[in-house]
Amino acid sequence: MTFKEEILRRRTFAIVSHPDAGKTTLTEKLLLFGGAIQIAGAVKSNKIKKTATSDWMEIEKQRGISVATSVMAFDYKGKKINILDTPGHQDFAEDTFRTLTAVDSVIVVIDAAKGVEPQTIKLVEVCRMRKTPIIVFINKLDREGIDPFDLMDDIEKKLFIKVRPLSLPIGMGQDFKGVYTIWEKTLNLFNPHGKQKDEETIRITDINSPELENQIGERAAAKLREDSELVEGVYPEFKVSDYLAGDISPVFFGSAINNFGVRELLDCFIEIAPSPVGRTTEERAVAPDEEKFSGFIFKIHANMDPNHRNRIAFVRVCSGKFVRSKNYLHVRLAKQLRFSSPTSFMADKKEIIDEAFPGDIVGLPDSGNFKIGDTLTEGEQLHFKGIPSFSPELFRYVENADPMKSKQLAKGLEQLMDEGVAQLFTSKWNGRKIIGTVGALQFEVIQFRLLHEYAASCRYQPINLHKACWISSEDKVALATFMERKGDHISEDKDGNPVFLADSAWGLQMAKEQYPKIEFNFTSEGNFGTKR
Ligand code: G4P
């Protein structure tokens, strides 16, 4: 296979949803289709149940599982599918946002009974900003749910995306009869007692054919025709180019647990979903078919084995071919590195690979060289753009609880921040360190991991803060004045960028009004492989 063919056959994507909508179940069914796993239940849910917020074993287990399931690769009908896993728990939403920078498209799962839920709104917002193509899978049709057209309205209103159904459910809950796939013109009858078989798919080229009545009865046939007319009349014609541009999202209906509607989704997905797309760097645009390798680190995972401090850094190959044991430039450190045991992940097993292509995710064993956003190249100075740091909303002072271990604490904190667990700020006013997170769970994770992985202990002190925002201004004098006047609210992030710590929404508002020349940013993008 040529290099170009290798690129064109790759599909790298993530499945995102609000917890419990069925992301894990759908992932597992896709793996079953791909032959990557043999039995249902092989993919463990990597979510931390709400009740387990203080259950350390559960968190450790989750971390172990999510290494194994970080990337699931398999071949299906000649395509190489890379599914990137995202944590379900909302306290780890930032992890998910970062993973979204490494994919080319997403599938959003929505629970038919619940409609659009808060976590879905946040995740889709990030996709929309990046114009990532989205396919929507409405799940759990075997249960009573919201009317399909109301659901699609809900999606359009709350997610601010335009949708276009490519399948239509016939009934729902107790009356669920199956799905008519507009995309393939096939009727799929629902068999709740087992796995959907291919021979149960009936090809209907004309929805007006009396065959429809024979299959699903008069009432259901009439309703399906009516719905189908509604689709043709109300929704725009489906164009793959609109989907690829992020302007329209096709919708599929099904029931993941019953393996229903999943094959149709996958078959359409491999046909329309984008092959690896280019990425932008501060210097220039990078195309996947460039000869020279480049990639960026979007995720770092600590090793589970306490005897080895090693971590795994996940690199997304953006261009060229990644080759084992070849020297690559770590741009931020200006250092050549070679990797003798890069790994890829095939469902539940990890294996050493000799080469990888654009769109692939490679796991690199790391002893502390990498942080999120780092770039690897064959020598060129490139800094990939777009990995966001989100403004944290929860804050605590962090203090050393064991004076004998201050070095360990500093190292532990630095490495955990490199992994992107939380953000560390240093107050310019009193020099104290402040940890900011997007979820409450992270404070406990940090304390636990410092102790178990670095033998350091920390103590938290409360601090009353509302938001951290990165500040900048074209007018350097205005920025200096602001920082001087607000001295007790100014800190530095780990890269030395100035951050304003607002203690209330009102305080932030006042600062914005009084200092119109200052820009207040709630995400810091592009301090990616920081150039300073
Ligand atoms: P998540 O990863 O998005 O959090 O969701 P997950 O797949 O774990 O699914 C959440 C729950 O919804 C699970 O039940 C799962 O069995 C169920 N589910 C998934 N797809 C369907 C479907 O098509 N129909 C119905 N009726 N249920 C579905 P659970 O009771 O929380 O877990 P489990 O004990 O079944 O594993």
Side-chain angles (χ1 to χ4, degrees), residues 13-33 37 39-53 58-59 61-63 65-66 68-72 83-93 95-96 99-100 106-124 134-146 148 151 155 167 169-179 188-196 251-266 347-348 439 441:
F13 74 108
I15 304 179
V16 297
S17 74
H18 191 86
D20 274 347
K23 178 171 73 75
T24 312
T25 312
L26 179 64
T27 307
E28 181 174 286
K29 301 302 171 187
L30 295 177
L31 293 177
L32 277 170
F33 273 112
I37 52 169
I39 46 157
V43 180
K44 303 284 180 305
S45 166
N46 79 349
K47 61 191 166 184
I48 302 172
K49 300 255 182 206
K50 278 195 195 77
T51 50
T53 43
E58 201 52 43
I59 287 183
K61 240 172 28 205
Q62 127 96 22
R63 289 181 43 225
I65 292 163
S66 62
T69 59
S70 281
V71 191
M72 289 158 282
I83 307 182
L84 273 58
D85 195 28
T86 55
H89 197 288
Q90 63 171 18
D91 283 7
F92 293 92
D95 245 26
T96 304
T99 298
L100 291 178
V106 299
I107 294 181
V108 175
V109 183
I110 287 176
D111 182 330
K114 298 201 177 131
V116 173
E117 296 176 88
Q119 194 68 3
T120 325
I121 297 179
K122 280 199 202 157
L123 293 166
V124 170
I134 298 171
I135 294 182
V136 178
F137 182 73
I138 298 184
N139 191 28
K140 306 197 187 182
L141 265 289
D142 57 315
R143 286 206 188 145
E144 293 305 328
I146 305 166
L151 267 172
I155 292 171
S167 84
I170 305 162
M172 200 180 256
Q174 296 250 312
D175 291 330
F176 185 48
K177 288 199 165 53
V179 170
N188 242 312
L189 298 180
F190 181 55
N191 165 12
H193 306 298
K195 215 177 116 181
Q196 176 197 4
V251 179
F252 283 84
F253 291 86
S255 167
I257 195 104
N258 290 296
N259 211 357
F260 195 79
V262 178
R263 187 198 52 76
E264 292 81 347
L265 170 74
L266 183 58
D348 50 355
L441 200 52

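Counting starts at 1 for both ligands and their atoms, in listed order.
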Should Gly254 be counted as touching ligand 1, given the test is an N or O pair under 3.5 Å?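 There is no such contact.
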
Judging by distance only, is a nitrogen or oxygen of Leu26 under 3.5 angstrom from one on ligand 1?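 Among all N and O atoms of Leu26, none is under 3.5 Å from an N or O of ligand 1.
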
Need the ligand 1 atom indices (1-based, order shown) with element for anything under 4.0 Å from a heavy-atom of [X].
{"X": "Pro19", "value": "4 (O)"}
{"X": "Ser17", "value": "3 (O)"}
{"X": "Ala256", "value": "23 (O)"}
{"X": "Ser255", "value": "22 (C), 23 (O), 24 (N)"}

Out of Lys23, Lys140, Glu28, indicate the one that has the non-hydrogen atom closest to atom 17 (C) of ligand 1.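 Comparing heavy atoms across Lys23, Lys140, Glu28, the nearest one to atom 17 (C) of ligand 1 lies in Lys140.
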
Of the listed options Asp20, Asn258, Ile257, Asn139, closest to atom 16 (O) of ligand 1 (non-hydrogen atoms):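 Looking at heavy atoms only, Ile257 sits closest to atom 16 (O) of ligand 1.
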
Residue pair Leu26 / Leu265, side-chain heavy-atom distance below 4.5 Å: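 In short, these two side chains touch, coming nearer than 4.5 Å.
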
Is the closest side-chain heavy-atom distance between Val262 and Phe252 below 4.5 Å?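 No - every pair of side-chain heavy atoms lies 4.5 Å or more apart.
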
Can you tell me if Gln119 uses its side chain to pair, donor with acceptor, with the backbone of Ser17 under 3.5 Å?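 Looks like no, no N/O pair under 3.5 Å.
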
Is there a donor-acceptor pair closer than 3.5 Å between any side-chain N or O of Lys114 and the backbone N or O of Asp20?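 Absent.
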
Taking atom CD1 of Ile170 and atom CZ of Phe176, what is their separation to the nearest 0.5 Å?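 Result: 8.0 Å between the selected atoms.
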
Where's the contact between Asp142 and ligand 1, heavy-atom distance under 4.0 Å: side chain, backbone, both or neither?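 The answer is the side chain.
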
Applying side-chain contact (heavy atoms from CB on, under 4.5 Å) to Val71 and Leu84, what does each step give before you reach the verdict? CA-CA 5 Å; Val71 191; Leu84 273 58; 4.1 Å; yes

In this structure, which one of Val16, Thr86, Ile134 forms a side chain to side chain contact (heavy atoms under 4.5 Å, CB included) with Leu123?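 When Val16, Thr86, Ile134 are each tested with Leu123, the side chain to side chain contact (heavy atoms under 4.5 Å, CB included) holds only for Val16.
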
